[in-house]
2 protein chains.
Amino acid sequence: MSTSGRGLHGHVLERLGPSITAGEYPPGSVLRTDELAQRFEVSRSVMREAVRVLESMHLVESRRRVGVTVRPTNEWNVYDPQVIRWRLAGADRPRQLRSLTVLRCAVEPVAAGLAAKHATAEQCAELTECALGMVAHSRGHKLEGYLVHDIAFHRIVLNASGNEMFARLGDVVAEVLAGRTHHQVMFEDPDPAAVTLHVQVAEAVRAGDAGLAESLTREVVLGALQELDILSPEG
Amino acid sequence: MSTSGRGLHGHVLERLGPSITAGEYPPGSVLRTDELAQRFEVSRSVMREAVRVLESMHLVESRRRVGVTVRPTNEWNVYDPQVIRWRLAGADRPRQLRSLTVLRCAVEPVAAGLAAKHATAEQCAELTECALGMVAHSRGHKLEGYLVHDIAFHRIVLNASGNEMFARLGDVVAEVLAGRTHHQVMFEDPDPAAVTLHVQVAEAVRAGDAGLAESLTREVVLGALQELDILSPEG
DNA sequence: CGCGAACAAAAAGTCAGACTTATACGTCAC
DNA sequence: GTGACGTATAAGTCTGACTTTTTGTTCGCG
């Protein structure tokens with residue numbers, strides 16, 4: 001599940017990181033390394049390593065004679081999977097989920113189009129397998145099983161696109177789907193239309209029909225966005 | 001220009017990071033902290049901080065009794081601006097530039113569509129100003145001036161989209177445009193058609209025509225991709 | 001000959017303390 | 001009020017000793 005549990009500094013990060021992304025220390029707040037080290041009961045060296053990592057995420061900035069200041073939100077490395085996870089665990093998960101889903105709307109259709117051209121036979125097989133798995137878990141409170149296949153499906157599409165930047169969004173999509181299933185009030189069973197669309201996408205990719213794969217995937221992800229907007233406000 | 005020049009550990013990063021992304025230490029290679037500290041003439045504490053940062057970028061993994069091993073390329077945090085910069089400075093800049101431009105193709109049209117709906121009057125003004133600035137520098141070897149306005153233009157569109165994830169791609173686009181201008185063999189003057197398109201995009205956004213803004217931006221970014229493919233091979 | 005357990009070595013991890021350096025802020029002279 | 005100067009502060013750096021985990025080897029037993 002969590003990535004940075006390794007080592008003392010990782011443990012500190014998992015406590016301090018979410019605090020910052022949650023806005024517990026608003027941008028401009030100043031923290032002192034020594035004080036933090038005391039609070040988390042670690043040596044300064046360990047604390048410094050943790051601060052360095054937060055700094056590399058652009059969450060904080062460390063300056064002499066000043067301390068460790070929290071940077072404005074719009075400077076954070078919001079594509080860092082760790083940051084995404086921390087933010088999704090926080091209070092403004094809904095807005096976060098929406099931002100990410102909009103990103104999906106932009107990326108995934110294009111990725112599916114490319115996948116239709118570049119996917120190997122093996123990837124096509126895996127894709128249909130996932131789609132069938134989704135169908136199999138689409139009725140009767142099997143949300144967990146459905147989720148697993150859903151994540152795998154989208155990951156394969158992104159990988160099959162052949163574009164490295166798309167492929168690396170697999171983790172992001174996984175987090176979004178998992179967050180939606182676990183934390184949102186999800187309908188008892190997934191939307192049957194969405195299930196059908198996934199099957200059709202798999203078929204379009206196998207057939208090499210880029211245009212169809214793209215527009216079908218657009219429907220999938222637009223549907224996901226719509227579902228999100230139903231559950232939370234915002235225009 | 002560079003972000004992590006601050007402190008000794010930042011200096012180490014700027015030397016070691018590029019080496020890794022350049023493939024100088026292939027995935028699976030094992031480095032030892034002490035050895036690195038000696039090589040860069042810094043203390044182990046400083047070296048450890050640098051390694052922690054590389055670890056947070058998923059470039060390396062540090063394990064006891066083993067050392068610091070370079071992770072497979074497909075696990076790197078390729079959205080980290082620092083990593084992007086390192087890779088763009090390396091040998092496989094062409095492929096990198098292409099991946100990023102394909103990402104632009106997916107994201108920017110959607111962002112422009114949203115910008116048409118969400119942009120403030122001030123943002124619209126800035127946008128037209130940038131477009132006019134591009135026109136003004138479109139002829140007579142004024143590539144640097146053109147670049148500045150080009151970057152600003154796309155950054156404004158991404159910001160005006162109102163989507164945080166899009167907005168944070170501003171730096172990425174800036175790197176791509178700068179890389180294209182500085183390192184690729186660029187035509188003497190920018191494509192006149194592209195310049196016109198930018199002006200039209202600005203107008204469409206101001207008019208609130210989302211569909212038009214989206215399709216015009218798609219032309220812009222597809223043109224950029226085509227230009228890239230002309231200069232380097234690959235199917 | 002194969003296999004498991006105990007052992008030893010290696011490298012990261014952790015800590016404490018002393019020292020250096022940059023810099024924000026207050027003070028004082030003008 | 002403005003500028004130069006000094007000082008206090010917190011990060012930055014280094015060193016050395018110690019701990020912990022893990023790998024690989026060796027040795028004994030079946």
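In what follows, chains are A, B, ... by sequence order, proteins preceding strands, each numbered from 1.
In this structure, D34(B) atom CG and dG16(D) atom C1' are separated by 12 Å, rounded to whole Å. Taking atom CG of residue L36(A) and atom P of nucleotide dA10(D), one finds them 13 Å apart after rounding to whole Å.
V157(A) approaches A112(A) most closely through the heavy-atom pair CG1-CA, 3.7 Å.
With sequence neighbours left out, the side chain to side chain contact (heavy atoms under 4.5 Å, CB included) criterion links E126(A) to E122(A), I156(A). Remark: F166(A) engages no residue in a ring-ring contact (aromatic ring centres under 6.0 Å, His included) (not counting sequence neighbours). With sequence neighbours excluded, the residues forming a side chain to side chain contact (heavy atoms under 4.5 Å, CB included) with T128(A) are A202(A), listed by chain and number.
In this structure, R65(B) and H9(B) both approach DNA chain D, and ranking their closest nucleotides by distance from the 5' end singles out H9(B). With the nearest nucleotide of DNA chain C identified for both E49(A) and V66(B), V66(B) has the one nearer the 5' end.
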Look for any protein N or O under 3.5 Å of an N or O in nucleotides 17-19 of chain D and output each such pair with its distance, or none.
| unit_1 | atom_1 | unit_2 | atom_2 | d |
| --- | --- | --- | --- | --- |
| dA17(D) | N6 | R44(B) | NH2 | 3.1 |

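You'll find the side chain of R93(B) stays beyond 4.5 Å of the side chain of R180(B), heavy atoms only. The shortest distance between side-chain heavy atoms of M57(B) and V53(B) falls below 4.5 Å. Residues R85(B) and Q82(B) have side chains in contact (heavy-atom distance under 4.5 Å, counting atoms from C-beta outward).
Which of dA11(D), dC14(D), dT21(D) sits closest to the side chain of V42(B) comes down to dC14(D).
At a threshold of 4.0 Å, the pair R6(B)-E55(A) does not count as salt-bridged, since none of the basic side-chain nitrogens sits closer than that to a carboxylate oxygen.
For Y79(A) (side chain) and M165(B) (main-chain N/O), a donor-acceptor pair under 3.5 Å exists by modelled atom type.
Counting non-hydrogen atoms of other residues, nucleotides and ligands closer than 6.0 Å to CD of Q38(B) gives a total of 12 or fewer.
Here T33(A) reaches the OP1 or OP2 of dA11(D): one of its side-chain N or O atoms lies under 4.0 Å away.
Taking the six-membered ring for Trp and thresholds of 30 and 60 degrees, F153(A) and H198(A) have ring planes more than 60 degrees apart, a perpendicular arrangement.
Residue contacts for S62(A): at a heavy-atom cut-off of 4.0 Å it reaches the sugar-phosphate backbone alone, with no base atom in range. Here V51(B) lies out of heavy-atom contact (under 4.0 Å) with every strand.
An end-to-end axis angle of 10° holds for the helix from dC1(C)-dG30(D) to dC30(C)-dG1(D), taken from five base pairs per end and rounded to 10°.
Using a 4.0 Å cutoff to heavy atoms of chain A, the contacted part of DNA chain C runs 5' to 3' from dT14(C) to dA24(C).
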